[in-house]
**Q** 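Sending over a structure as structure tokens; questions will come in a sec.
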Amino acid sequence: MVYTINRRSFLKQVGAGVALGALPVSGVARAAGPDFLAIGAGPSGGVFNIIATGIADVLRNTYPDTIIDVQPGGSGPNLLRVQARQADLGLTSASNAWDAWQGKDPATPEAPIRKTRGLMSLMQSAIQIFVDANSDIHSLEDLRGKQISAGQPGQTSWLAFQALLDAHGMTIEDIEQDGGAMRELSWSESHNALRNGQLDAVMWLSLYPHPTVRETETARPIRTLSFDSAAIDRFMEATGGGYEKVTLPKGLYGGQSEPADTVGTTTFLFASDDMSDETARQIVEAIWTNRESFKSVHALLAGMSEESVGRGMAVPLHPGAAAFYEENGIPVSASMLSVDGSGSSKG
């Protein structure tokens, strides 16, 4: 694991205890575990951080003598840190993991990230273009000449928006015609501007239904655009196996009067292929056995189910996780990525 330190000697040195998790846990025998487990999460207060803290709470009951640390990170940084053995577990998206395996951002062609192994799917994200439900924007083509945010250049959402435009035969220059502009704003800045009428649309690869969008709806009803099926096919062909077709349901947002066809990706918990099969199995078993209390950590975990937890991770499943799912009759999906280091498709 990342560090070698004995918990009891650590507590003597610092003179303080490590608090056990707040979640009620049950059903998994306490196991002799690693001295230290580091979990790559996200920014303080963000969804990744909240969920990683919930995972840590569950695992502290399974590994009472292990120091479990939740560390700031993000979907891309977590892949880099687990690959470099600076963290043991991390949260990421299937689209980021797929790209990194191919040597794309956050990796490089010279140093692809291929040690990533899936443990458990947690929740779904989708490409969503949020607009005022009463606006005249009903398609991607309607964004010409509008004020839009898709995050900042190089970020996952910005790159996804460029790929989506390309699938529709458009470019950012098309958006900027007739006074349109791409505003390089953060997620919160984007929704503040949409709420205040300073933006016409916000495009983001985001979890759904996101609490921030609910807040935006205190000022105006929101809907998200639906995309042409042929354009979705072109997008998926160009971006690889980290995405899948998703239909956002009617009523997802206050102004969503009809379903919206788009593409989505899975947020999942992962480890390195260096993690032992037994440790990986125990981690998956602990979360699954205590899934009802774990799901109470955040509303976005509500969709966790037997049908979802073993699927959609894009990367190969860790053998320890695969063994647990097989023993418990939980369905899994096969990865199209080869584990021989080539990163090629199995077809």
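Predicted model only: the values in this text are computed from it and were never measured.
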**Q** Is there side-chain contact between L185 and L199, with heavy atoms separated by less than 4.5 Å?
**A**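 A side-chain contact under 4.5 Å exists here.
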
**Q** My understanding is that only one of D65, T66, I67 makes a side chain to side chain contact (heavy atoms under 4.5 Å, CB included) with Y63; could you say which?
**A**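 Exactly one candidate clears the test, T66.
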
**Q** Decide yes or no on side-chain contact (heavy atoms from CB on, under 4.5 Å) for M123 and K295, but give the supporting numbers first.
**A** CA-CA 10 Å; M123 51 195 175; K295 285 160 68 172; over 6 Å; no

**Q** Let me see the working for Y325 and V309 under side-chain contact (heavy atoms from CB on, under 4.5 Å), right down to the final yes or no.
**A** CA-CA 9 Å; Y325 292 139; V309 292; 4.0 Å; yes

**Q** Search all heavy atoms of A280 against all heavy atoms of L119 and return the closest pair with its distance.
**A**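 So the two residues come closest at CB-CD2, 3.9 Å.
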
**Q** So do M120 and I287 actually touch side chain to side chain, heavy atoms under 4.5 Å?
**A**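 Yes, close enough: below the 4.5 Å cut-off.
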
**Q** Less than 4.5 Å apart, any side-chain heavy atom of D200 and any of V131?
**A**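 Side chain of D200 against side chain of V131, heavy atoms only: no contact under 4.5 Å found.
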
**Q** State whether D178 and R144 are salt-bridged, where the test is any N-O pair (Lys NZ or Arg NE/NH1/NH2 against Asp/Glu carboxylate O) under 4.0 Å.
**A**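 So D178 does not pair with R144 through a salt bridge.
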
**Q** Determine, for D166 against R234, whether the closest basic-nitrogen to carboxylate-oxygen distance falls under 4.0 angstrom.
**A**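 Salt bridge absent between D166 and R234.
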
**Q** At their closest point, which heavy atom of L300 faces which heavy atom of P209, and how far apart are they?
**A**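 Scanning both residues completely, I find the closest heavy atoms to be CD2-O, 3.4 Å.
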
**Q** Within this structure, what is the CG-CD1 distance for the pair L225 and I129, rounded to the nearest 0.5 Å?
**A**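 If we round to the nearest 0.5 Å, L225:CG and I129:CD1 are 5.0 Å apart.
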
**Q** Step by step, would you call Q83 with T116 a side-chain hydrogen bond (donor to acceptor under 3.5 Å, both in side chains)?
**A** CA-CA 7 Å; Q83 174 90 354; T116 308; 5.1 Å; no

**Q** Is the shortest distance from a Lys or Arg side-chain nitrogen in D132 or R195 to a carboxylate oxygen in the other one below 4.0 Å?
**A**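 The answer is no: the pair does not qualify as a salt bridge.
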
**Q** Calculate, to the nearest 0.5 Å, the distance between atoms CD1 and CG belonging to I55 and L37 respectively.
**A**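 Atom-to-atom, I55:CD1 and L37:CG are 11.5 Å apart.
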
**Q** L122 versus M304: any side-chain heavy-atom pair under 4.5 Å?
**A**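 SC-SC contact between L122 and M304 confirmed.
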
**Q** Side chains of F227 and L164: does their closest heavy-atom pair fall under 4.5 Å?
**A**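 F227 reaches L164 side chain to side chain.
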
**Q** Verify side-chain contact (heavy atoms from CB on, under 4.5 Å) between H168 and E141, making sure each step is shown before the conclusion.
**A** CA-CA 8 Å; H168 284 78; E141 289 78 6; 3.7 Å; yes

**Q** Are the side chain of T289 and the backbone N or O of A286 linked by a donor-acceptor pair below 3.5 Å?
**A**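 Not confirmed, T289 side chain does not pair with A286 backbone.
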
**Q** If we ignore hydrogens and angles and just use 3.5 Å, is the side chain of N96 paired with the main-chain N or O of S75 as donor and acceptor?
**A**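 A pair under 3.5 Å: no.
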
**Q** Any link between M236 and V315 through a network of hydrophobic side chains (Ile, Leu, Val, Met, Phe, Trp, Tyr) touching at under 4.5 Å?
**A**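 Unlinked, M236 and V315 end up in two clusters.
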
**Q** Run M170 and I175 through side-chain contact (heavy atoms from CB on, under 4.5 Å) and show every step you take.
**A** CA-CA 8 Å; M170 296 173 61; I175 301 294; 4.0 Å; yes

**Q** Look at D274 together with K115 and state whether they make a salt bridge at an N to O cut-off of under 4.0 Å.
**A**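 Judged by the 4.0 Å cut-off on N to carboxylate O distance, D274 and K115 do form a salt bridge.
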
**Q** For residues P43 and N49, report the shortest heavy-atom separation together with the two atoms involved.
**A**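 Looking at all heavy atoms of both residues, the closest pair is O-CB, 3.2 Å.
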
**Q** Is Q128 close to Y208 at the side-chain level, that is, under 4.5 Å between some pair of heavy atoms?
**A**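 They are in side-chain contact.
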
**Q** Quick check: closest heavy atoms across T267 and S125, and the distance to 0.1 Å?
**A**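 Between these two residues, the closest heavy atoms are OG1-OG, 3.7 Å.
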
**Q** Out of curiosity, I127 CD1 to F235 CZ, how far, rounded to the nearest 0.5 Å?
**A**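 Going from the CD1 atom of I127 to the CZ atom of F235 covers 3.5 Å.
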
**Q** Answer yes if the ring centres of H210 and W187 are under 6.0 angstrom apart, and no otherwise.
**A**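 When the ring centroids of H210 and W187 are compared, they turn out to be within the sub-6.0 Å range.
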
**Q** Is it the case that more than 12 heavy atoms not belonging to E306 sit under 6.0 Å from its CD atom?
**A**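 It does: E306 CD has more than 12 such atoms within range.
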
**Q** Can you confirm whether or not the ring centre of F130 sits under 6.0 Å from the ring centre of H191?
**A**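 Yes, the ring centres sit under 6.0 Å apart.
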
**Q** Please determine whether side-chain hydrogen bond (donor to acceptor under 3.5 Å, both in side chains) holds for the pair N78 and T92, giving the CA-CA distance in whole Å, both sets of side-chain angles, and the decisive distance to 0.1 Å.
**A** CA-CA 7 Å; N78 292 341; T92 192; over 6 Å; no

**Q** Less than 4.5 Å apart, side chain to side chain, heavy atoms only: is that true for D105 and T156?
**A**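 When only atoms from C-beta onward are counted, T156 and D105 do not touch, as no gap falls below 4.5 Å.
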
**Q** Say whether I39 and I283 are linked into one hydrophobic cluster, either directly or through other cluster members, by side-chain heavy-atom distances under 4.5 angstrom.
**A**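 Both belong to a single hydrophobic cluster.
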
**Q** Could you walk me through whether S305 and E307 satisfy the side-chain hydrogen bond (donor to acceptor under 3.5 Å, both in side chains) test, starting with their C-alpha distance in whole Å, then the side-chain angles of each, then the deciding distance to 0.1 Å, before giving a yes or no?
**A** CA-CA 5 Å; S305 71; E307 292 300 313; over 6 Å; no

**Q** Among the clusters formed by ILVMFWY side chains lying less than 4.5 Å apart, do V213 and V47 turn up in the same one?
**A**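 Shared cluster, no.
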
**Q** Decide yes or no for L205 and S95: does some side-chain heavy atom of the first lie under 4.5 Å from some side-chain heavy atom of the second?
**A**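 Of all side-chain heavy-atom pairs linking S95 with L205, at least one is under 4.5 Å.
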
**Q** Do M313 and L79 sit in one hydrophobic cluster, given that two such residues count as connected whenever their side-chain heavy atoms are within less than 4.5 Å of each other, even indirectly?
**A**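 Shared cluster, yes.
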
**Q** Count the heavy atoms of every other residue, nucleotide or ligand shown that sit under 6.0 Å from CD of E258, and state whether that count exceeds 12.
**A**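 Counting neighbours around CD of E258, 12 or fewer heavy atoms of other residues, nucleotides or ligands fall under 6.0 Å, so no.
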
**Q** To the nearest 0.5 Å, what is the distance between CD (E327) and CD (E285)?
**A**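 Nearest 0.5 Å value for the CD-CD distance: 8.5 Å.
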
**Q** State the CH2-OG distance between W204 and S186, to the nearest 0.5 angstrom.
**A**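 Answer rounded to 0.5 Å: 6.5 Å.
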
**Q** Determine the minimum heavy-atom distance between L317 and G118, stating which atoms define it.
**A**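 Nearest heavy atoms, L317 then G118: CD1-O, 3.4 Å.
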
**Q** Side-chain heavy atoms nearer than 4.5 Å, only ILVMFWY residues, links allowed to pass through others: does that put I148 and L159 together?
**A**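 Result: no, two separate clusters.
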
**Q** Atom NE2 of H138 and atom CG of L143: how far apart are they, to the nearest 0.5 Å?
**A**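 These two atoms lie 11.5 Å from each other.
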
**Q** For A201 and L194, work out which heavy atoms get closest and say how close.
**A**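 The answer is N-CD1, 4.2 Å.
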
